[in-house]
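Predicted model only: the values in this text are computed from it and were never measured. Chain letters run A, B, ... following the sequence lines, proteins first, then strands; residues in each count from 1.
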Amino acid sequence: MIEWSETKIKAFQQTLLDWYDHNKRTLPWRQDHNPYHVWVSEIMLQQTQVQTVIPYYLHFMEEFPTVQDLADAPEDKLMKTWEGLGYYSRARNLQKAARQVVTDYHGKWPSNAHDLQELSGIGPYTAGAIASIAFNQPVAAVDGNAFRVFARLLEINADVAKPQTRKIFEKVINKIISKDRPGDFNQAIMDLGASYMTATNFDSSHSPVRAFNQAFLDGIEDQYPVKTKKKRPVVHDYFGLVIRSDNGYLFQKRPSSGILANFWMFPLFDHQDLTDDQSLSKSALIQIVEAKMQSDYQLPIKLSQVLDKPVTHTFTHQQWKITLLEGRLPENVDLSYFPGKWIQPAVFDEMTFSKVQSKLWSAYQKRPSIS
DNA sequence: CAACCGTGGAT
DNA sequence: TATCCAAGGTT
């Protein structure tokens with residue numbers, strides 16, 4: 001890692017902020033410095049691209065214009081507003097924090113990074129972002145952009161995938177950040193990271209800070225940031241049950257913790273949970289599911305495969321391959337042993353579905369007709 | 001600390 | 001298709 005003199009730091013600040021003043025992106029959450037606006041946008045932007053967030057942000061502000069509106073919101077309306085954005089605990093933490101602000105802080109936001117981190121869903125990055133943008137506090141906001149930009153500028157060799165590395169970057173950036181315009185400085189770094197200093201296809205030769213980019217000057221920019229690779233997602237094979245009656249389709253509520261917590265979905269059966277025997281044929285596996293529906297839930301069901309190929313969906317750490325099975329039950333069947341309910345397709349639009357459930361429904365509707 | 005938590009876009 | 005990346009936080 002190289003170090004900058006006080007003179008060089010001043011020159012960098014000037015160059016960066018001059019560029020930002022003339023080239024900053026026009027974004028809905030940049031119209032003012034209202035902490036509620038800054039906060040909601042920062043939560044939505046966690047691990048999510050700007051162009052994805054924009055329509056969600058605009059809709060969210062129509063539904064919940066103030067922190068009080070968010071605190072008072074019914075959960076189903078909140079989740080419906082978040083539908084499709086992913087990482088759904090962000091939405092639940094958002095409302096938790098809104099209630100913290102309204103009750104614990106009587107509507108007056110904490111204005112420094114330390115206190116902001118006490119709110120649900122606000123970690124070191126988001127605390128720094130809100131403190132600097134909304135409250136003009138001179139603190140670093142170390143996100144993926146800051147890692148990438150400063151790793152290249154200063155040839156920082158620490159592995160950005162390791163949690164402890166954040167401290168190194170915070171220390172460096174807190175020295176370089178503009179004390180007069182910390183919010184603009186942090187946002188300028190992000191705009192830089194989203195334009196000339198992207199992860200791939202970067203264009204450093206035209207960057208406004210190319211003269212400060214040591215890795216570029218040394219021709220080794222592709223070596224930064226240093227980051228160890230992630231593990232591959234674990235594959236899960238499931239049967240997805242599309243069970244119909246005159247009361248609608250059978251849905252099951254997912255557990256209150258873990259992936260897609262509390263979402264309603266078609267019932268899923270993990271092949272691994274059915275048997276350890278890898279040699280069983282698919283028809284034998286289907287018979288096991290039928291037997292399980294009978295013994296565990298008192299539901300007499302005959303199932304048959306709907307599509308040749310499974311519906312696949314990849315999360316960050318899991319890949320699901322779901323083979324769809326369909327069946328029918330009489331409307332007066334006793335559902336009291338099954339942890340689920342009938343839902344009519346007419347109300348699907350009012351529910352919050354995960355992407356994978358939407359895929360299952362879509363694939364099922366496109367099934368070959370039985371003529 | 002390492003593992004977990006969604007989705008869409010780019011390559 | 002597989003992999004990585006995108007304004008990270010929680011456990």
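Sorted by first and then second residue, the pairs that involve residues 242-253 of chain A and meet salt bridge (charged side-chain N to carboxylate O under 4.0 Å, His left out), not counting sequence neighbours, are A/Asp246-A/Arg328. For residues 121-149 of chain A, the pairs satisfying ring-ring contact (aromatic ring centres under 6.0 Å, His included) are A/Phe147-A/Phe169, with sequence neighbours left out.
Residue A/Gln187 is out of contact with every strand shown, counting any heavy-atom pair closer than 4.0 Å. Counting non-hydrogen atoms under 4.0 angstrom, A/Ser354 reaches the backbone sugars and phosphates but no base. Residue A/Ile43 is classed as having no contact, given no heavy-atom separation below 4.0 Å to the nucleic acid. Nucleic acid contact class of A/Asn201 (heavy atoms, under 4.0 Å, all strands): sugar-phosphate only. The residue A/Leu27 sits close to a base: some heavy atom pair falls under 4.0 Å. Contacts of A/Gly193 with the nucleic acid, taken as non-hydrogen atoms under 4.0 Å apart, are absent. Residue A/Arg30 is classed as a base contact, given a heavy-atom separation below 4.0 Å to a base. Contacts of A/Trp82 with the nucleic acid, taken as non-hydrogen atoms under 4.0 Å apart, are absent. Within the nucleic acid shown, A/Val53 has no heavy atom closer than 4.0 Å to any nucleic acid atom.
When each of A/Ala127 and A/Thr200 is assigned the nucleotide of DNA chain C bearing its nearest heavy atom, the one mapping closer to the 5' terminus is A/Thr200. Sequence order on DNA chain B of the closest nucleotides to A/Lys162 and A/Phe263 puts A/Lys162 first from the 5' end. Between A/Ser257 and A/Thr52, the residue whose closest nucleotide on DNA chain B is further toward the 5' end is A/Ser257.
For A/Met44 and C/dA6, the CE to C1' distance is 16 Å, given to the nearest whole Å. At whole-Å resolution of the value, CZ in A/Arg232 and P in C/dT3 are 5 Å apart. Rounded to whole Å, the distance from CD on A/Gln357 to P on B/dG6 is 15 Å. Distance, A/Gln319 CD to C/dC4 P: 14 Å, rounded to whole Å. Protein atom CD of A/Gln51 is 12 Å distant from nucleotide atom P of B/dG8, rounded to whole Å. Taking atom CG on A/Leu45 and atom P on B/dG6, their separation rounds to 18 Å, with Å as the unit. Taking atom CD of A/Gln46 as the reference point, atom C1' of B/dG6 lies 13 Å away to the nearest angstrom. Here B/dA2 presents its C1' atom at 8 Å from NZ of A/Lys231, a figure rounded to the nearest Å.
For the pairing with A/Phe251, the ring pair (Phe, Tyr, Trp, His ring centres under 6.0 Å) check across A/Phe263, A/Trp361, A/Phe348 returns one residue only, A/Phe348. Under the side-chain contact (heavy atoms from CB on, under 4.5 Å) rule, A/Ser178 has a single partner from A/Gln13, A/Lys10, A/Gln14, which is A/Gln13.
Residue side chain A/Thr126 does not reach the base of C/dG9 through any donor-acceptor N/O pair under 3.5 Å, judged by distance alone. Judged by distance alone with a 3.5 Å cut-off, no donor-acceptor contact links the side chain of A/Arg148 to the base of C/dA6.
Checked for salt-bridge contact, A/Arg181 and A/Asp21 meet the test: a charged N lies under 4.0 Å from a carboxylate O. Using a cutoff of 4.0 Å between basic side-chain nitrogens and carboxylate oxygens, A/Arg25 and A/Asp191 are scored as salt-bridged.
For the OP1/OP2 pair of B/dG6 and a distance below 4.0 Å, the side-chain nitrogens and oxygens of A/His313 include no atom meeting the criterion.
In the set B/dG6, B/dC4, C/dT10, B/dG6 carries the atom at the smallest distance from any side-chain atom of A/Arg90. Minimum atom distance to the side chain of A/Glu42 is reached by C/dA7, of the listed B/dC5, C/dA7, B/dG6. Residue A/Gln49 places its side chain closer to C/dC5 than to any other of C/dA7, B/dC4, C/dC5. The listed nucleotides are B/dT7, C/dA7, C/dC5; the one nearest the side chain of A/Ala199 is C/dC5. Side-chain atoms of A/Lys229 lie closest to C/dC4 of the nucleotides C/dG8, B/dG6, C/dC4. Residue A/Ile259 has its side chain nearest to B/dG6 when only B/dG6, C/dG8, B/dT7 are considered. With C/dA7, B/dG8, B/dG6 as the choices, the nucleotide that has an atom nearest any side-chain atom of A/Thr48 turns out to be B/dG6. Nearest to the side chain of A/Gln164, among B/dC1, B/dT7, B/dC5, sits B/dC1. For A/Pro163, taking side-chain heavy atoms from C-beta onward, the closest of the listed nucleotides C/dT10, C/dA7, B/dC1 is B/dC1. Side-chain atoms of A/Tyr88 lie closest to B/dT7 of the nucleotides C/dA7, B/dC1, B/dT7.
Between A/Trp342 and A/Tyr249, the gap from one ring centroid to the other reaches at least 6.0 Å.
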